[in-house]
Every structure is written in structure tokens, then in C-alpha cells.
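Computed from a predicted model, the values in this text were never measured in an experiment.
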Amino acid sequence: MPNARPAKSAKNAATVSRQVGRALRREARSLFWRGWQLTQIEEELGVNYNTLASWSRRDGWETHPAVDIIDDRIEVKVANLLDKEPLTEGDMKRIDFLTRQLERTARIRKYNETGREGDLNPKVGNRNNDQAKAKRAEKRKNFLTLEQWQALLDDFHKRNFEYQELWWEQRAQRTRKIRKSRQVGATWYFAREALAKVAEAVLAGVGREELSLEEAPRNQIFLSASERQALKFRREIAGWVRRVTGVELKGKIITLDFAGQYPEDEDGDATGPTLDQVGFYFLSTNSATAQGESGDLYFDEYAWVHGFTELNRVASGMTTHKIYKETYFSTPSTKTHASYAWWSGEEWNAGRDRRAQKPFDISLKNLRRGAIMPDGSWQQILTIHDACKMGLAKLVDVEMQRAKYSEEAFRNLYECEDVDDSESSFPFNRIAPARVDSFYRWRDFKPALIEIPGGRPFGDLPVWIGYDPNKQGRDDAALIVLAPPEQAGKGKFRVLEKHRLNGLDFSGQAEFIKKVAQRYRVTDIAIDTTGHGLAVWEIVSKWFPMARKIEYSVAIKSALVMKGQHIFRNQRIEFDHEWTDLMAALMAIRPALTGSQKGVTYVAKRNGEIGHADVAWALLNALSNEPLDVATAGEGSGGRVVPF
């Protein structure tokens with residue numbers, strides 16, 4: 001053990017020697033940076049001149065950046081102050097000042113490595129770090145980051161059915177005309193498509209200095225039959241963005257903010273082009289200023305719009321510039337509707353020289369996957385059957401939907417066949433003016449209370465109920481709740497509710513009528529007593545003794561239709577614009593010869609079967625409570641009889 005002590009002492013001596021050597025080397029460098037010559041340093045420190053020259057050459061004393069020399073001078077001053085006894089308050093302030101200068105030189109050294117201003121100035125760095133950017137993004141209105149745009153685009157494609165991806169593939173078409181079945185998610189899809197196109201454009205700008213007009217994000221305009229329907233597009237867009245990104249889009253007109261859309265590079269330059277703001281506009285067909293905006297146009301349910309020709313002329317003005325795209329989509333209505341000539345090519349060929357006319361093949365076979373037509377538009381027909389083959393079968397049972405409607409109505413609403421209403425007792429043009437946006441127009445009716453037990457959606461105002469029963473399994477039963485005008489023969493009727501009842505026997509039908517009647521002050525109930533109708537009437541009359549029996553005959557049906565025609569002709573009735581099934585039912589009623597071929601009756605199919613258009617007959621039953629000749633006494637114009 002005694003022999004171990006000298007070895008330990010030798011080790012300590014070697015360590016001390018190395019420390020002294022490093023200290024001398026650093027002291028020599030410090031003196032050199034203060035302007036001393038090597039000969040002066042040799043004399044001061046007692047270190048050989050050649051050793052000093054070797055240290056200078058190896059450590060690059062003459063080539064060190066100025067910031068290192070400044071650091072050295074500051075460290076010397078701090079060390080001298082720390083060795084001073086006692087330390088005064090002034091010494092402490094000097095030490096604090098000098099150490100803060102060391103922090104600054106450290107930032108300068110970091111800036112020399114990265115070139116980022118944030119490394120030189122902490123305030124700039126804090127302003128541009130991820131946390132600060134996220135906080136600013138939260139406060140900004142209608143701003144989405146590049147990551148959020150990508151998330152929306154990914155989710156968009158993930159949730160589309162095959163036929164919706166087909167629509168996406170055709171998004172660059174100047175004009176798309178689509179006739180589609182009900183309930184295929186067209187409104188849901190096109191609301192998302194409009195925003196997905198903006199996402200695609202924003203992401204295309206990454207790393208580029210400029211986007212062409214064709215590539216840049218564009219305004220998106222949605223035109224619907226009513227403001228409520230137009231705002232459905234807004235709800236779809238806002239809900240989708242909220243679900244995917246957590247961002248709440250604000251404003252009746254959604255204006256997207258692209259300021260600072262692309263992050264800055266190391267030189268502080270944006271990594272993408274400057275983008276103009278983009279607006280999403282939601283317009284109704286009665287908007288007098290619809291032509292004031294420009295952008296891509298989405299026209300919803302155009303085949304059910306009254307005055308389509310004039311409205312389409314105004315709407316197409318919003319897409320005058322060739323960069324803008326037009327998309328028209330709707331369930332078909334009738335062949336007499338103005339949009340049918342536009343769809344079929346009759347309007348395009350009208351007035352052209354015979355040699356310049358071209359046929360439009362609008363057959364389902366040609367348009368099943370879409371086709372380019374002579375006017376340059378891309379047209380497609382999407383029936384419920386094709387939609388189900390391309391994914392919709394997960395959500396829709398076709399046979400269940402078929403059971404709810406007459407064959408004619410089903411073909412119109414789900415198989416994209418236009419109704420030929422040229423022989424209809426209630427043609428489209430006669431009943432179209434009755435369609436209104438009931439949500440905004442009927443302030444005294446609160447439909448939200450319908451589903452609330454004990455709710456009174458119409459208060460204590462009177463209503464009439466019309467009922468068309470299930471006729472021994474040949475069709476559905478239907479019920480209408482009708483608000484009469486305050487003065488008989490004047491003012492407008494309003495259809496508040498409509499219901500179809502499928503699979504209920506006569507007692508179930510009677511119970512349903514009672515359930516509906518309990519939420520209103522009912523002053524009349526009219527029931528067709530054909531088939532199960534008599535049994536339904538007998539039950540209802542026990543709790544509503546004034547229930548009227550309507551025994552259908554040729555004379556009675558003629559009177560019902562004439563009364564309905566008179567009311568529609570004088571525009572004395574309103575119902576919600578979204579009730580296209582009620583319109584289809586009314587248009588299905590047409591005159592036909594009786595079985596004896598000696599009289600005229602009214603039926604809902606050309607083959608003479610009775611019992612379809614059930615909702616329409618329920619409405620006519622209710623309207624019959626107003627006498628056919630009401631208010632006619634004073635309506636004459638003072639005519640006279642002239643002999644001949």
C-alpha cells in the first residue's frame with residue numbers, strides 16, 4: 001500500500017500539469033487577441049516562442065471570428081470581477097451586464113449557423129414558433145392550415161361513393177347537367193366538392209410562386225329554390241370542416257382567409273403564392289341580386305324551379321368568365337317544365353339552321369356514366385338502381401322506397417323519368433306558384449313542436465284534416481293537415497303536414513288520425529270511405545262526430561278536382577317547396593273515360609287504376625270543406641244575355 005501513494009501523486013501531477021497547460025494556452029490566446037506580440041507573450045508567460053507559434057497555427061488565433069474575441073474579452077472581465085473582494089453593488093451590475101452580452105454573442109453565433117432572424121432576435125423567434133402560429137390560427141376567422149386542407153381532401157375522397165368520385169373526375173367540365181334520383185347525397189356531395197376544389201388549389205400552390213387563374217381558388221355560389229335550402233349547403237360545409245379540423249367557419253357568406261397561408265422559408269419568404277380571398281355565397285332563386293357575384297355555380301333542384309328560363313339566364317351570367325364552372329343537378333319534374341327543353345337539346349337546336357342542328361342522346365343507356373353533348377355540356381342520369389350498384393345500397397332499400405309511392409311517382413322521383421303532365425289536371429305550371437319557403441313565410445306555424453308531446457304547432461288556430469285511406473292493400477293511406485283562410489273564399493290555404501301510412505289496418509289508421517288531431521284545434525275531418533275508409537270513419541266519428549264521409553263517385557271526384565283546380569288557378573294555396581312528392585301526386589291526376597266509355601272520371605294512372613296519388617286525394621278531400629260556389633255571388637262582372 002505505501003508504494004501506491006507515489007503513483008497517485010504522479011497522476012494528480014499529470015492532471016494539474018494538463019490543466020496548467022490549457023490555462024496557459026488560453027491565456028496566451030487571450031493576450032494575442034488583445035494585440036500582444038508572440039515575443040511579448042513569451043516574455044510574460046515564460047512559454048517558448050515556437051510553442052506559442054504552434055498553438056496559434058493549430059487553433060487559428062488569427063482567423064477566429066470577432067464574436068469569439070469579444071466572448072474572450074467579456075469572460076476575462078467577468079473573471080476579474082468575480083475574483084474581487086468584496087463585491088460591490090456596482091460590480092454585480094457589471095457582471096449582470098457582461099453575462100447578458102455573452103447571451104447575445106451566443107445568439108449571433110447561432111444566427112451565423114442558421115441565418116434565421118429568430119435565432120438573433122428572441123421576440124421574432126417566439127412570434128414564429130409553432131405555438132405562436134397555432135395561437136394566431138385559432139384567433140383568425142375562416143383560416144385553415146395546409147395540414148387542415150390536406151385532412152379535408154383526404155376525408156372527402158374517403159367518404160365518397162363511386163358515383164360521387166365520377167362527379168369529381170368531371171369537375172373541370174365547363175357545364176355539368178345531372179338528373180338524379182332522390183336521396184343519393186347530391187347536396188351533401190356538392191357542398192363538400194366546392195370546398196375540396198379550394199383545398200386542391202391551395203395545396204397546388206405549395207412551393208410555387210404563382211397560380212394561373214384556372215388553378216387559383218375561386219368563389220363558390222350555391223343557388224336553390226329557397227334561402228333555407230341554400231343554407232343547407234352552408235350547414236354541410238361548416239359541419240364537415242368542424243368535424244375534420246375543429247375550425248368553426250363563420251359568416252352567412254363564408255369568406256376564406258388565405259393571408260399567411262404558406263409558411264416562410266429560411267430567408268423569410270413565403271413558400272407559396274399570394275391568394276385572393278374566396279367567398280362561398282348561398283342564394284335563393286328569388287334573390288334579385290343573384291347576378292352580382294361571379295364564381296363556380298351550383299344550381300340545386302333546377303327542374304322544380306318556377307320561371308327557370310329567366311332565372312337560368314341570370315344565373316349563367318355569374319359564370320360568364322371561362323374559368324368558372326356550372327353544375328346543375330335535380331330530380332326530374334315534367335316534360336313541360338322549361339328545363340326539359342334545355343336538358344333535351346330542344347332549346348339549343350331551336351332557331352338553328354337545320355344542317356347545324358344535332359341530336360341530343362338523352363337515353364339512360366348513353367348517360368348512365370355521363371356523356372358530352374353537342375352544346376359541350378357533360379350530362380348524366382343517375383337512377384336509384386345505378387346509385388345502389390355504386391355504393392348507396394349500404395344506406396337505401398329500393399323496394400322499401402318503391403312501396404311508399406305509386407309506380408309513376410317512383411319512376412319520376414327515383415328512376416329519373418320526367419312526367420308527361422300535358423294531360424294532367426294539375427300541370428306543373430299551375431301548381432308551381434303554390435310552393436313557398438314555409439319556414440320563413442309562416443311565422444304562426446312552428447313545426448318543431450310537432451314532435452314534442454303536448455306541443456301546439458299552430459296554437460288555437462283552426463285546421464282541417466283530409467284523409468285518403470288504404471284501399472285493401474292497393475296503395476298507402478295518406479293524411480293532410482290544412483290551415484284554411486280566415487275568410488271563406490278569400491285568402492290562402494296552407495298545407496301544414498302530410499303523412500303516408502303504410503302497413504296499418506283500419507284501427508291503426510284511425511289511431512294515427514287521432515294522434516295528429518290532438519295537437520290542433522280541428523274543425524273538420526274529411527275521409528274517403530272507399531274500402532277501409534268506412535271502418536276508419538266509424539272509429540273517428542266516435543270522438544269527432546262531425547267527421548265527413550266522402551263516398552267517391554264520378555260526380556264527387558269531378559267536384560273534388562274542379563275545386564282543387566279553382567284554388568290552384570287563383571293561387572289560393574301554399575305548401576313547402578321541398579314537397580316534390582306532393583307535386584308529383586297532383587300532376588299524376590288526369591281525366592280518363594269511365595268503364596262504360598260514356599263519362600269522364602279522374603285517375604292517377606293511364607290504365608285507369610284508382611288509388612294512387614294518395615297525398616293529392618287527401619288534400620282534395622280537405623279542400624272540399626270549402627263549398628265549390630263560395631264567394632262566387634259577387635265575382636261577376638255585370639254581364640248580360642244577348643239574343644241571337
Side-chain angles (χ1 to χ4, degrees), residues 1-132 263-269 271:
M1 292 297 295
N3 295 331
R5 295 182 62 84
K8 185 175 181 181
S9 298
K11 182 179 180 181
N12 290 341
T15 302
V16 171
S17 177
R18 285 196 298 272
Q19 291 174 344
V20 171
R22 284 196 295 270
L24 282 172
R25 191 166 181 165
R26 182 172 181 180
E27 179 66 16
R29 185 189 65 182
S30 179
L31 292 172
F32 181 83
W33 282 348
R34 278 180 272 173
W36 288 40
Q37 300 294 322
L38 292 181
T39 54
Q40 293 174 315
I41 298 172
E42 178 185 24
E43 184 179 344
E44 175 72 18
L45 299 180
V47 178
N48 184 273
Y49 180 90
N50 291 332
T51 301
L52 292 173
S54 176
W55 287 351
S56 175
R57 185 173 59 256
R58 292 177 183 177
D59 295 345
W61 290 357
E62 295 183 359
T63 59
H64 264 262
V67 69
D68 290 345
I69 298 173
I70 295 171
D71 267 355
D72 178 78
R73 300 297 298 275
I74 294 173
E75 289 173 2
V76 170
K77 288 183 177 294
V78 171
N80 289 334
L81 286 169
L82 290 175
D83 289 339
K84 182 181 177 183
E85 290 290 349
L87 281 174
T88 65
E89 183 177 348
D91 294 334
M92 296 298 295
K93 290 181 178 180
R94 292 186 185 93
I95 292 172
D96 178 66
F97 170 76
L98 292 171
T99 52
R100 282 189 278 114
Q101 301 316 302
L102 287 174
E103 292 176 2
R104 181 157 183 79
T105 57
R107 292 197 296 270
I108 293 173
R109 189 176 285 106
K110 185 70 177 296
Y111 172 75
N112 288 336
E113 294 175 359
T114 65
R116 290 194 296 264
E117 187 181 354
D119 292 327
L120 188 62
N121 187 340
K123 293 182 179 179
V124 173
N126 293 336
R127 196 161 60 236
N128 292 326
N129 62 26
D130 293 340
Q131 183 177 359
E264 296 178 351
D265 60 17
E266 295 180 353
D267 298 325
D269 298 325
T271 56

Which pair of non-hydrogen atoms, one from [X] and one from [Y], has the smallest distance, and what is that distance?
X	Y	value
L52	A28	CD2-CB, 3.7 Å
W61	L38	CZ3-CD2, 4.2 Å
V47	E42	O-CG, 2.9 Å

**OP:** Please report the C-alpha distance between L45 and W36 in whole Å, then the side-chain angles of each, then the deciding distance to 0.1 Å, and finally whether the side-chain contact (heavy atoms from CB on, under 4.5 Å) criterion is met.
**Re:** CA-CA 12 Å; L45 299 180; W36 288 40; over 6 Å; no
Original post:
With sequence neighbours left out, what residues match R58 under side-chain hydrogen bond (donor to acceptor under 3.5 Å, both in side chains)?
Top reply: S54
Original post:
Counting heavy atoms not belonging to E43, are there more than 12 under 6.0 Å from its CD?
Top reply: no
